[in-house]
Every structure is written in C-alpha cells, then in structure tokens.
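In what follows, chains carry the letters A, B, and so on, assigned in the order in which the sequence lines appear, proteins first and then strands, with residues in each chain numbered from 1.
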Amino acid sequence: MSNLLENLNEKQREAVLYTEGPVMAIAGAGSGKTSVLTTRIAYLIKKKNVNISNILAITFTNKAAREMKDRVINLTDHLTSEMWISTFHSFCAKILRFHIESLGYKRGFQIIDDDDAKKIIKDILKEEKPEADVKELKQIRTKISRMKNKSNNKNNDFDKGNDLASEIYDEYQKYLFTNNLVDFDDLLLLTIELFKQFPEIKKIYNNKFQYVLVDEFQDTNNVQYELVSLILGDNKNIFIVGDEDQSIYAFRGANIKNIRKFKEDYPDYHIVLLEENYRSTNNILRAANQIIENNDNRIVKKLFSSKGNGELIVKYKGATERDEVEYISKQILKLVRKGFEYRDFAVLYRMNNLSRMFEDNFISKHIPYGIVGNTSFYKRREIKDFIAYLRMILSSSDFFSFERAISNPRRGIGKKTLLKIKDYMYLYDLDIFEAIDKSSEYLGKSVSNKLIIFKESIEDYRNKFEVLALNDFVDYILSDSGYLKALEKDEKFDDRYSNLLEFKSILNENQNIYTESTKQDMLLYLLEDISLKNDENNEDIDNRVTLMTVHSAKGLEFRVVFVIGLENGIFPMIRASEADQLEEERRLMYVAVTRAKELLFLTNANVRNLYGESKHTVESLFVKEIDDELLSVEGYDSYTRGTGSFRTSGQVRTSKMLSSILPKKAASIIKRKSNLDNYKENDLNKGDKVEHTKFGEGMVISIAGDNCVIAFEHPHGIKKLLKDHAAITKK
DNA sequence: TGAGCGTACGCCCCG
DNA sequence: CGTACGCTCA
C-alpha cells in the first residue's frame with residue numbers, strides 16, 4: 001500500500017492523500033500530474049475501499065484517457081470495463097446511449113463530425129435562403145458552434161436583429177433530430193439537458209460518482225464546467241488538475257476563468273502546487289520560464305528540475321524551408337547513430353500544412369515517421385463512404401448517411417431526386433425505406449426502380465450482417481455495392497483501397513471488445529468509438545518519428561523535440577494581434593518547449609514558400625525571448641553573420657547542395673499518414689513474378705524510381721504502382 | 001446526371 | 001501551393 005506513494009514527492013503525496021472535499025492541483029508542465037491522478041485513483045480503491053465504478057475521471061484527449069486507464073490497471077489490477085475514465089465527449093455518449101430516449105431521440109443515434117455539420121448547414125442555407133451569400137455560411141457556422149460552446153441558452157448569443165443564424169440553427173437542430181444525429185456539442189448539451197429535465201436520472205449519477213477527477217481543467221469551457229457541477233450535485237469530492245500556462249483552447253471556448261469560478265463555487269477548496277519538473281533539463285526549463293514570463297495574466301510559477309543544465313538549445317535557421325527539413329532529418333540520423341531511437345523524436349508545428357514538406361524528405365531517407373492529426377484516417381472519403389453503409393445497417397431514418405451511400409458509387413440518383421424524397425418524407429412523416437416504397441407515386445419509373453434496388457440491397461446487407469463474419473461482411477458490401485469497382489477508376493485507388501483494408505482490420509480488432517452485446521449493438525458501439533476518435537491509435541507502438549501540431553503534443557514528452565516554422569505570422573500565428581491572443585500563442589510555445597526532455601531544436605527558414613508565394617520571414621518573437629546564453633546558433637544566421645563555427649557553415653553548404661540534388665518526387669507518390677504502414681521494401685526487378693493483395697498474380701514489366709509497372713491477369717491488366725507498396729509481395 | 005474545367009481563397013488548433 | 005466549389009457541356 002505505502003509503496004503506492006513511494007515514488008511521489010511531498011507535494012504529489014499531498015495531492016493524493018487529500019481525498020475528501022474539493023482539491024485544486026496546479027500542475028506545471030512535466031510535474032507528474034498523470035502519476036498524481038492515477039495514484040490518487042489507485043489510493044482511493046486500495047486504501048479507501050472505494051469501488052472503481054464510483055470514480056469518474058475526465059480527460060481531454062483519447063490518448064490521455066488511454067494512458068490513464070493503462071496506468072490505473074497497472075496499479076490496481078482492475079478491469080478497464082469497470083472504469084469511467086474518458087473524455088468529456090465519450091462520457092456523454094455513454095450516458096446518452098442509456099437515456100437519450102427520454103429526450104425523444106432514438107437509442108441508436110449517430111455522432112456526426114465537423115465536416116458533416118458544415119455540409120448540413122450549407123444545404124439548409126441553400127434551401128432556405130438561396131439568395132444568401134455563400135460567405136455568410138462561414139459566419140453562421142461559427143456563430144452556431146460558438147453559441148453551442150458558450151452557453152446552453154442560444155438566445156444569449158444572438159443579437160435580436162440577426163435572425164438568419166438563429167433560423168438556420170433551428171433548422172439544423174431539427175434536421176439532426178429527425179435523422180437521429182447528434183454533433184459533438186450536442187453530446188454535452190443533451191447530457192446537461194437530460195440531467196436538468198430529469199432530476200431522477202441526475203440523482204443516479206450523483207450517487208454513483210462519489211469521486212470526480214478532471215484533468216486539464218484550464219481547458220474546460222462553460223458547458224463542460226456546468227456539466228461537472230451537474231455530475232457532482234451536492235457531492236464535493238472534486239479533484240481538478242490544471243495549469244493556466246498551458247491553456248491553449250480558447251478558440252473552442254475554453255475559459256481560464258473557470259479556475260477562478262471553481263474557487264468561488266467551492267470556497268473550502270484545498271490547493272496544491274506542483275512545481276518540480278521531472279521531464280526536462282534546466283536549460284529547457286529556463287527557456288520555458290523566460291518565454292512564459294512575458295505573459296501578464298498569470299500566477300507566477302517557477303519550474304525546477306534536478307536534471308542538471310543539459311545541452312544548449314539549438315537555434316537553426318535554414319536558407320529555405322527545404323534546408324530546415326534537411327537539417328532536421330540529418331540531426332535525426334546523426335542522433336540515431338548515437339543510440340537514439342526514432343520514437344524519441346518529435347517534430348512540432350503550429351499548422352498542419354507544414355508537415356507536408358517532411359514527407360518527401362523522410363521517405364527518401366527512409367526515416368520512419370507518423371503524422372498525427374488533421375487528415376484523420378476516419379475523415380477520408382472512402383472511409384466515410386463505407387461508414388455511411390454501416391449506418392444504413394442500423395437506421396432507416398438517417399437521411400444524411402443514405403445520401404452518401406446511395407451516391408457512392410453513382411447510381412444515377414442526383415440532388416433533385418434526393419430533395420424530392422426528403423420532401424416526401426417530411427410531408428408524410430415517413431422513414432427513408434417507406435418513402436422509397438412509395439417513390440413510384442412521385443418519381444419516374446426508372447428512378448423509382450433504382451431506389452428500390454438500392455433499398456433491397458441494404459436489406460440484404462442487414463441480413464448478411466447477422467450471418468457473416470465481420471470481415472466477410474465488409475468484403476461483401478464492397479463488392480456487391482459496386483463500390484470497389486467504381487473505386488478502381490480512381491487514380492488514388494491504391495491508397496484508398498489500402499485504407500479500406502485497414503479500416504476493415506480496425507473493425508475486426510475492435511469487435512472483440514463488445515462480445516457480450518448483440519451484433520447490432522456491437523456495430524453501434526464500433527461506430528461510436530470511431531466517431532469519437534480521430535487517431536489511429538498505433539502511433540506509440542511503432543518506432544518512428546512523430547510529426548504533429550503543438551496542440552496534439554500537449555501532455556506528451558520526447559527526448560528530442562524540433563519546434564519548426566518559428567516565424568512571426570506562423571508561430572505566433574498572424575491573427576494573434578490582440579494581446580490575449582498573443583498570450584495564448586505564447587502559452588502554446590510554452591507547451592511546445594516543455595515537451596522536450598533532453599534536446600530542443602528551434603528552427604525556421606529565412607525564405608519560406610507559403611500559399612504559393614516565396615517570402616522573407618522574420619524570426620518568431622518567442623525565440624527572441626530566450627536568453628542568448630541558452631542558445632547555440634546554427635545555420636543561416638551563423639553563416640551570414642560569420643559567428644558560427646566552420647563546421648556549421650559547412651553544414652549549410654552541404655544541405656543546400658543536397659536539396660538541389662534531391663530529385664523532386666512525382667505528386668502521385670507524395671504520401672500521407674498511414675503510408676508507412678503500407679510501405680515495405682520490395683526488391684523488385686524486371687521480370688519478377690509478384691502477388692498483389694487486390695490484383696492477384698502479375699509480372700513486373702519495368703521499374704522507374706519508386707514506381708513500377710506490373711502486368712496482372714485479366715481483368716486487371718497493366719497497372720502503374722508504387723514499388724514499395726505493402727500490397728505487393730515478390731514471389 | 002456528373003465529368004471536367006476554371007476560379008477563388010486560405011491565414012489553424014480538438015472531440 | 002492545394003482544395004473546394006460553381007459553372008458548362010456532353
């Protein structure tokens with residue numbers, strides 16, 4: 001028992017042992033807050049005999065939730081299924097799965113993402129106000145989401161003169177409700193509504209959750225704060241962990257003032273300050289402190305560490321962004337030779353499109369990498385198309401998915417027809433299948449027939465779903481629907497098809513989690529998991545360099561960190577003109593810097609190509625906030641100013657030469673995130689026999705760079721493919 | 001209906 | 001530079 005606390009310092013122990021009543025832990029970066037949270041949970045279970053199902057822990061990211069679960073399992077030997085450790089959104093989804101029928105929705109509701117929401121709003125705007133300027137779309141979209149994030153009462157946010165946004169909002173909610181869909185914001189809002197409207201339901205959870213823990217409290221918005229209060233009821237055993245210096249989500253309504261509000265709402269709170277850092281060397285911490293000191297609105301906090309000063313922080317400026325990339329990949333290879341592993345590195349950037357330039361370079365140097373984020377796997381067109389089919393298995397009232405499924409592949413059903421079906425559905429209060437049954441009454445005969453055929457195939461899929469293994473079921477839909485056949489014409493067929501295969505294996509792996517449920521429920525939960533996630537979950541497993549935004553790096557640590565694109569206008573972002581926005585950017589910089597354990601590289605380029613324009617850059621003001629004595633200057637600056645060593649200036653020349661020698665890759669092989677998974681080195685030569693997972697047997701006709709031409713048997717014929725694609729096996 | 005082309009525009013971050 | 005969307009024509 002006592003060994004639970006063995007590795008904690010005095011302050012951390014205090015945070016663990018103070019179990020009763022409200023506690024606020026101010027946890028600096030790298031101060032071991034996850035240890036505190038998990039040890040506290042373990043302590044409650046083992047020492048205080050609290051049942052694990054009476055504890056609720058809320059995090060902001062799936063990653064954090066996963067990590068916390070793993071660590072609690074290690075400490076307590078309890079099963080994951082008993083644990084309520086989740087993000088706000090998946091917590092709400094779980095509650096709503098049980099109770100949403102009280103609010104008039106159906107149990108099998110589906111969760112839509114941001115893109116879907118945008119699409120729906122756009123359609124509504126077009127239908128309701130065809131004369132409205134398309135530019136208004138963005139404003140309306142922003143308004144609706146801001147409104148949903150700030151307050152539960154929509155009237156708060158609309159000025160009375162502007163009823164267009166309000167009108168669209170109502171239509172949008174109506175659309176979601178009719179189609180049994182909820183967006184991310186609804187997950188929170190509907191849960192709040194549920195607790196408010198049904199005190200008896202609220203009471204169940206008030207009694208259940210005797211101990212509530214909230215991670216990253218500085219990032220809660222008003223809606224989330226209200227939700228926490230509702231979950232607590234009269235209970236005061238609330239433990240929050242936060243660090244206002246790491247508040248980086250103001251753009252989605254995060255409110256630092258919630259920390260102050262907490263103090264007012266729970267006046268007898270106990271506060272613990274965690275300032276000892278276990279992550280970074282003191283040079284890195286000093287730089288972080290020097291940066292964040294420039295923010296006015298903060299409680300002064302000083303991080304310290306017993307790790308010694310460590311290496312100087314390297315500041316590198318490339319002549320162009322190509323040099324920047326080249327420098328980084330060289331450093332990585334150099335450090336790998338010295339014993340670092342690829343997984344020890346992270347490349348952090350302010351905006352996603354800066355990652356693009358790394359892909360060519362890393363591929364050509366065979367540096368394994370994974371890009372976390374943006375073009376999320378689940379947002380890819382082929383994946384969303386397939387999900388639409390799966391949703392059709394579960395629901396005949398989800399018009400949104402119907403629209404997508406019936407249009408991919410094209411079945412000769414266009415916008416006009418879909419609109420007529422929709423109108424008919426609303427007019428007679430029918431679901432999609434009923435409206436299709438009657439379609440001969442309001443549509444032409446051939447169109448009506450096509451619809452009925454589609455309906456029948458969905459019905460067929462529903463039957464097959466019950467009898468086929470999931471793997472076979474996926475294959476069946478893909479071929480029977482004609483989706484695969486149509487996809488073959490797509491120039492990105494290779495990518496898209498391997499994504500579908502990957503999706504199939506994700507479904508297959510995850511189905512085992514839900515063995516107790518019915519098959520329908522299993523699918524429902526699988527789809528829910530997918531909607532709430534935006535990552536592939538396997539970043540940690542492979543040994544590879546991580547590329548991600550600073551936002552997604554929060555909570556993580558790496559031995560070596562490169563923060564790139566440190567130029568005014570990029571980081572800090574150009575719009576950060578107002579003081580509080582600049583302070584948020586600075587907190588973001590603080591987060592970036594404090595990810596590094598041993599080595600920190602701050603890089604930029606003298607000339608950068610952005611949005612098709614080549615421009616001279618100005619070094620980020622955040623870099624200037626770091627004392628020179630902490631920095632070792634390399635690259636362009638040291639070269640031109642003549643202050644650098646001979647070695648560094650030599651490096652610049654080498655990298656310039658290399659970047660001009662490096663062949664420019666064809667656009668077709670610029671690859672995105674998952675592609676290292678699809679990558680394997682095939683030693684192919686002209687005349688080799690190969691096996692392709694999709695096309696079967698074939699023979700190599702020619703090899704040109706990374707591409708090869710292979711002749712397959714009928715009906716596939718001659719294909720131009722990536723030589724190293726994982727689908728190809730030499731025979 | 002939908003493929004194909006030309007034009008406008010973006011300053012991003014998450015569940 | 002990319003892409004997303006609107007328009008035109010088969």
Problem set entry | Residue whose closest nucleotide on DNA chain B lies nearer the 5' end, A:Glu584 versus A:Arg411 | A:Arg411

Exercise. Looking across every strand, which nucleic acid part, if any, lies under 4.0 Å from A:Thr417 by heavy atom: base, sugar-phosphate, or nothing?
Worked result: sugar-phosphate

Problem set entry | Span that lies between the P atom of B:dC13 and that of C:dA4, in whole angstrom | 14 Å

Exercise. Would you call the rings of A:Tyr442 and A:Tyr424 parallel, tilted or perpendicular, where under 30° means parallel and over 60° means perpendicular?
Worked result: parallel

Seminar exercise, completed: Separation of C:dC1 atom P from A:Met351 atom CE, nearest Å, is 16 Å

Exercise. Can you check the A:Leu443 CG to B:dT1 P distance for me, whole Å?
Worked result: 10 Å

Problem set entry | Atom pair distance, as rounded to whole Å: CG in A:Leu532 and P in B:dG15 | 10 Å

For this session: Please report, rounded to the nearest Å, how far the P atom of B:dC14 is from the CD1 atom of A:Ile248.
Result: 9 Å

For this session: Indicate whether A:Phe251 forms a stack on B:dC13; treat it as stacked only if centroid distance is below 5.5 angstrom and interplanar angle below 30 degrees.
Result: yes

For this session: Return the value, rounded to whole Å, for the distance between atom NZ of A:Lys119 and atom P of C:dA4.
Result: 12 Å

For this session: Looking only at side-chain atoms of A:Lys416, point me to the closest of C:dG2, B:dG15, B:dT1.
Result: B:dT1

Problem set entry | side-chain contact (heavy atoms from CB on, under 4.5 Å) partners of A:Val325, counting only residues at least two apart | A:Met357, A:Phe358, A:Asn361

Seminar exercise, completed: A:Ile58 atom CD1 is separated from B:dG15 atom P, nearest whole Å, by 15 Å

Exercise. What is the ring orientation for A:Phe562 with A:Phe345, classed by angle as parallel under 30°, tilted 30 to 60°, or perpendicular over 60°?
Worked result: parallel

Seminar exercise, completed: Which of B:dC13, B:dG2, B:dG15 is nearest the side chain of A:Asn352? It is B:dC13

Problem set entry | Among B:dG15, C:dG2, B:dC11, the nucleotide that comes nearest once only the side chain of A:Arg356 is considered | C:dG2

For this session: Give the nucleotide from the list C:dG2, B:dC14, B:dC11 with an atom nearest to the side chain of A:Thr61.
Result: B:dC14

Exercise. Separation of A:Asp360 atom CG from C:dG2 atom P, in whole Å?
Worked result: 11 Å

Exercise. How would you label the contact of A:Asn609 with the nucleic acid (heavy atoms, under 4.0 Å): base, sugar-phosphate, or nothing?
Worked result: nothing

Problem set entry | Set of residues satisfying side-chain hydrogen bond (donor to acceptor under 3.5 Å, both in side chains) with respect to A:Thr191, sequence neighbours excluded | none

Problem set entry | Within the 6.0 Å centroid threshold, strictly below: A:His99 and A:Tyr105 | no

For this session: Could you please name the option among B:dC14, B:dA3, C:dG6 that lies closest to any side-chain atom of A:Lys122?
Result: C:dG6

For this session: Apply side-chain contact (heavy atoms from CB on, under 4.5 Å) to A:Ala553 and list each qualifying residue two or more places apart in sequence or on a separate chain.
Result: A:Leu348, A:Met548, A:Arg595

Exercise. NA contact type, A:Phe184, heavy-atom cut-off 4.0 Å: base, sugar-phosphate, or nothing?
Worked result: base

Exercise. Looking at the side chain of A:Ser552, which of B:dC14, B:dC13, B:dG15 is the nearest nucleotide?
Worked result: B:dC14

Exercise. Mind checking whether A:Phe209 and A:Trp84 have parallel, tilted or perpendicular rings, split at 30° and 60°?
Worked result: perpendicular

For this session: Answer with base, sugar-phosphate or nothing: what part of the nucleic acid does A:Asp113 contact at a heavy-atom distance below 4.0 Å?
Result: nothing

Exercise. Touch check for A:Phe88, heavy atoms < 4.0 angstrom, all strands: base, sugar-phosphate only, or nothing?
Worked result: nothing

For this session: Could you tell me which residues satisfy side-chain hydrogen bond (donor to acceptor under 3.5 Å, both in side chains) with A:Arg410, sequence neighbours excluded, listed by chain and number?
Result: none

Exercise. Looking at residues at least two apart in the chain, or sitting in another chain, which of them share a salt bridge (charged side-chain N to carboxylate O under 4.0 Å, His left out) with A:Asp529?
Worked result: none

Exercise. Starting at the 5' end of DNA chain B, which residue's closest nucleotide do you reach first, A:Asn353 or A:Ile413?
Worked result: A:Ile413

For this session: Would you indicate which nucleotide in B:dC14, B:dA3, B:dG15 comes nearest to any side-chain atom of A:Tyr249?
Result: B:dC14

Seminar exercise, completed: Listed range with range, the stems formed with DNA chain B by at least 3 consecutive Watson-Crick or G-U pairs (under 3.5 Å) are B:1-10 with C:1-10

Exercise. In whole angstroms, how far is the C1' atom of C:dG2 from the CD atom of A:Glu321?
Worked result: 15 Å

For this session: Check whether any side-chain N or O of A:Ser531 sits under 4.0 Å from OP1 or OP2 of B:dG15, and answer yes or no.
Result: no

